[in-house]
Amino acid sequence: MKTRRAHLELSYNGINISADLQPHLINWTSTDNLSGQADDIQITLEDRARLWIGDWMPDKGATLKAKIVQENKKFANTKESLDLGTFEIDEVENNYPPSTVSMKGISIPESSSLKGEAKNKAWEKTKLSVIAKDIANGSGVKLFYDTSDDPDYDRMEQTQESDLAFLTRLCNDAGLCLKVTGTQINIFDEQKYEQQPPITRIMVGEGFIKGYRCRTTLNGLYKSCRVEYYDANKKQTIKFVFTPPNPPKTGRVLVINERVTSVQEAERLAKKRLRQANREGMTVSLDLMGDVRFAAGVTVRLVGFGVFDGNYIIIQAAHSQQGGGYETKLELRKCLEGY
């Protein structure tokens with residue numbers, strides 16, 4: 001099986017160091033996550049001349065901007081690329097023998113006030129987007145709020161929590177995804193992303209598939225969700241039961257007792273909570289020849305995988321290169337229908 005040719009372009013504190021890096025590069029890996037985890041990049045360099053442990057030693061806190069450039073397999077003398085993002089170096093390691101230097105960068109800077117700094121703050125009569133905007137402004141980053149869902153709060157308190165932990169909790173409660181890069185906070189609804197047309201078809205028997213693993217489970221899955229809340233002010237119980245099309249073959253019902261003010265709100269909550277519970281019901285891991293088209297958040301269509309055929313969203317894309325061979329590993333979750 002032929003490998004695909006690609007190379008890593010890297011800027012260090014805004015200076016392109018790709019040419020200096022290339023003769024020393026042993027391997028690199030970059031992992032792109034949909035939500036809940038920071039993206040990262042890891043680079044290993046040979047250092048027989050002791051340059052990287054000396055004058056070229058990477059500084060912790062320095063920024064790396066990375067991109068994969070791949071030769072286009074269809075059109076000669078053309079290239080495709082994937083912007084991996086901006087990372088902050090948080091770890092440098094030297095090993096011997098042989099003499100190597102490894103550096104790791106993460107997409108959520110340690111130098112940012114987003115994490116590691118416990119804060120106390122309260123908001124009155126506000127929305128999630130307003131809280132997220134306040135946190136983004138306070139951290140010097142942008143906010144990309146890509147959803148029509150915007151929960152209201154009479155009062156919300158941040159008590160001895162970092163901004164990242166606090167905002168993660170609010171997004172989880174709202175059934176929304178949170179992804180933070182060095183320059184931007186992204187809040188989005190995974191259902192919207194799952195409804196995107198697949199960018200390509202991946203078919204069993206095609207030469208670029210190196211291996212795969214498929215898994216289906218009923219563990220922790222529910223047939224339906226019932227929201228039931230007693231509103232003391234209105235002296236009435238608000239109820240809604242949601243059963244999706246083609247529900248899992250289980251009799252379990254997820255019962256939610258959270259504050260809602262209307263049947264419409266109860267319906268939205270039922271769909272969100274059932275989606276959170278059922279989304280890991282069918283998953284696929286793929287080992288592929290390297291391909292810059294694949295990033296977390298895009299959808300693909302699997303064909304020839306039997307009962308696992310269908311549309312999947314990429315929840316993690318790991319791109320790596322070692323010994324000249326460029327590879328891509330994908331973690332996929334089947335797109336849910338109707339919720």
Side-chain angles (χ1 to χ4, degrees), residues 6-69 81-117 135-136 138-142 144 162-165 167-168 178-186 290 292 295-296 316-323 326-329:
H7 68 270
L8 183 70
E9 288 193 358
L10 198 71
S11 293
Y12 176 88
N13 283 343
I15 299 172
N16 191 322
I17 62 169
S18 303
D20 292 326
L21 188 81
Q22 199 59 41
H24 306 274
L25 190 59
I26 296 175
N27 60 63
W28 57 264
T29 300
S30 181
T31 304
D32 175 26
N33 296 294
L34 177 65
S35 176
Q37 299 180 68
D39 298 340
D40 66 61
I41 189 168
Q42 299 185 56
I43 300 168
T44 302
L45 306 161
E46 71 79 24
D47 197 29
R48 290 187 297 271
R50 300 184 66 78
L51 293 171
W52 295 95
I53 200 170
D55 293 341
W56 290 9
M57 179 75 167
D59 292 326
K60 296 189 297 295
T63 58
L64 297 173
K65 189 171 184 180
K67 179 169 68 173
I68 305 170
V69 178
S81 65
L82 174 64
D83 186 357
L84 299 175
T86 301
F87 307 87
E88 182 181 275
I89 297 176
D90 73 326
E91 185 178 302
V92 181
E93 183 178 293
N94 172 237
N95 286 283
Y96 178 86
S99 186
T100 62
V101 168
S102 299
M103 54 180 158
K104 178 184 176 184
I106 57 172
S107 62
I108 306 175
E110 289 288 346
S111 58
S112 168
S113 63
L114 276 172
K115 65 178 188 177
E117 183 180 336
I135 289 174
S139 302
V141 298
K142 297 178 182 178
F144 180 55
S162 71
D163 286 339
L164 182 58
L167 197 53
T168 298
L178 173 69
K179 182 182 177 77
V180 180
T181 68
T183 58
Q184 188 165 277
I185 295 172
N186 304 279
V292 295
Q316 184 183 85
H319 297 268
S320 63
Q321 189 164 21
Q322 183 167 2
Y326 169 39
E327 298 181 345
T328 299
K329 295 180 182 293

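All values reported here derive from a predicted model rather than from experimental measurement.
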Interatomic spacing from CE in M103 to CG in D59 - rounded to 0.5 Å = 11.0 Å
Looking only at heavy atoms, which two atoms of H24 and W52 are closest? And how far apart?
-> CG-NE1, 3.3 Å
Sequence neighbours excluded, which residues qualify as salt bridge (Lys or Arg N to Asp or Glu O under 4.0 Å) partners of K329?
-> D287
Heavy-atom pair with the smallest gap, counting every atom of L164 and T168 | O-OG1, 2.7 Å
Minimal non-hydrogen separation, A296 against A317, with atom names = N-CB, 4.1 Å
Do the non-hydrogen side-chain atoms of L51 and L45 ever get within less than 4.5 Å of each other?
-> no
By side-chain hydrogen bond (donor to acceptor under 3.5 Å, both in side chains), which residues pair with E117, not counting sequence neighbours?
-> none
Taking every non-hydrogen atom, the tightest pair across F87 and A66 = CE1-CB, 4.4 Å
Contacts of T29 that satisfy side-chain contact (heavy atoms from CB on, under 4.5 Å) - sequence neighbours left out | T31, S320
Which pair of heavy atoms, one from T100 and one from T44, lies closest together, and at what distance?
-> CB-CG2, 4.2 Å
Whether N33 side chain and A38 backbone form a donor-acceptor pair below 3.5 Å = yes
Could you give the distance from CG (N27) to OG (S102), rounded to the nearest 0.5 Å?
-> 7.0 Å
Smallest separation among heavy atoms of H319 and V292, with atom names = CE1-CA, 4.4 Å
Please name all residues satisfying side-chain hydrogen bond (donor to acceptor under 3.5 Å, both in side chains) with S30, sequence neighbours left out, ordered by chain then number.
-> none
By side-chain contact (heavy atoms from CB on, under 4.5 Å) - contacts of V141 (at least two apart) | A136, S139, I185
When rounded to the nearest 0.5 Å, the distance separating CG of L167 from CG of L114 is 8.5 Å
One should read off an interatomic distance between I43 CD1 and L64 CG, to the nearest 0.5 angstrom, of 5.5 Å
Which pairs pass salt bridge (Lys or Arg N to Asp or Glu O under 4.0 Å) with one or both residues in residues 6-28, sequence neighbours excluded?
-> E9-K67
If a pair satisfies salt bridge (Lys or Arg N to Asp or Glu O under 4.0 Å) and one of its residues is in residues 41-54, list it, with sequence neighbours excluded.
-> E46-R48
Using side-chain hydrogen bond (donor to acceptor under 3.5 Å, both in side chains) as the criterion, list what pairs up with Q184, not counting sequence neighbours.
-> N186
Just do the side-chain contact (heavy atoms from CB on, under 4.5 Å) check on I68 and Y326 with the steps written out, would you?
-> CA-CA 10 Å; I68 305 170; Y326 169 39; 3.8 Å; yes
Qualifying salt bridge (Lys or Arg N to Asp or Glu O under 4.0 Å) pairs, either residue in residues 28-42, two or more places apart = D32-K179, D39-K179
Do side-chain atoms of Q321 reach the backbone of L8 as a donor and acceptor pair under 3.5 angstrom?
-> no
Can you name the residues that form a side-chain hydrogen bond (donor to acceptor under 3.5 Å, both in side chains) with S18, not counting sequence neighbours?
-> N16
side-chain hydrogen bond (donor to acceptor under 3.5 Å, both in side chains) pairs, two or more places apart, involving residues 81-91 = E88-S111
Ring pair (Phe, Tyr, Trp, His ring centres under 6.0 Å) partners for H7, two or more places apart = none
Working to the nearest 0.5 Å, report the span between CD1 of I53 and OH of Y96.
-> 12.0 Å
Looking at OG of S113 and NZ of K115, how far apart are the two atoms once the value is rounded to the nearest 0.5 Å?
-> 12.0 Å
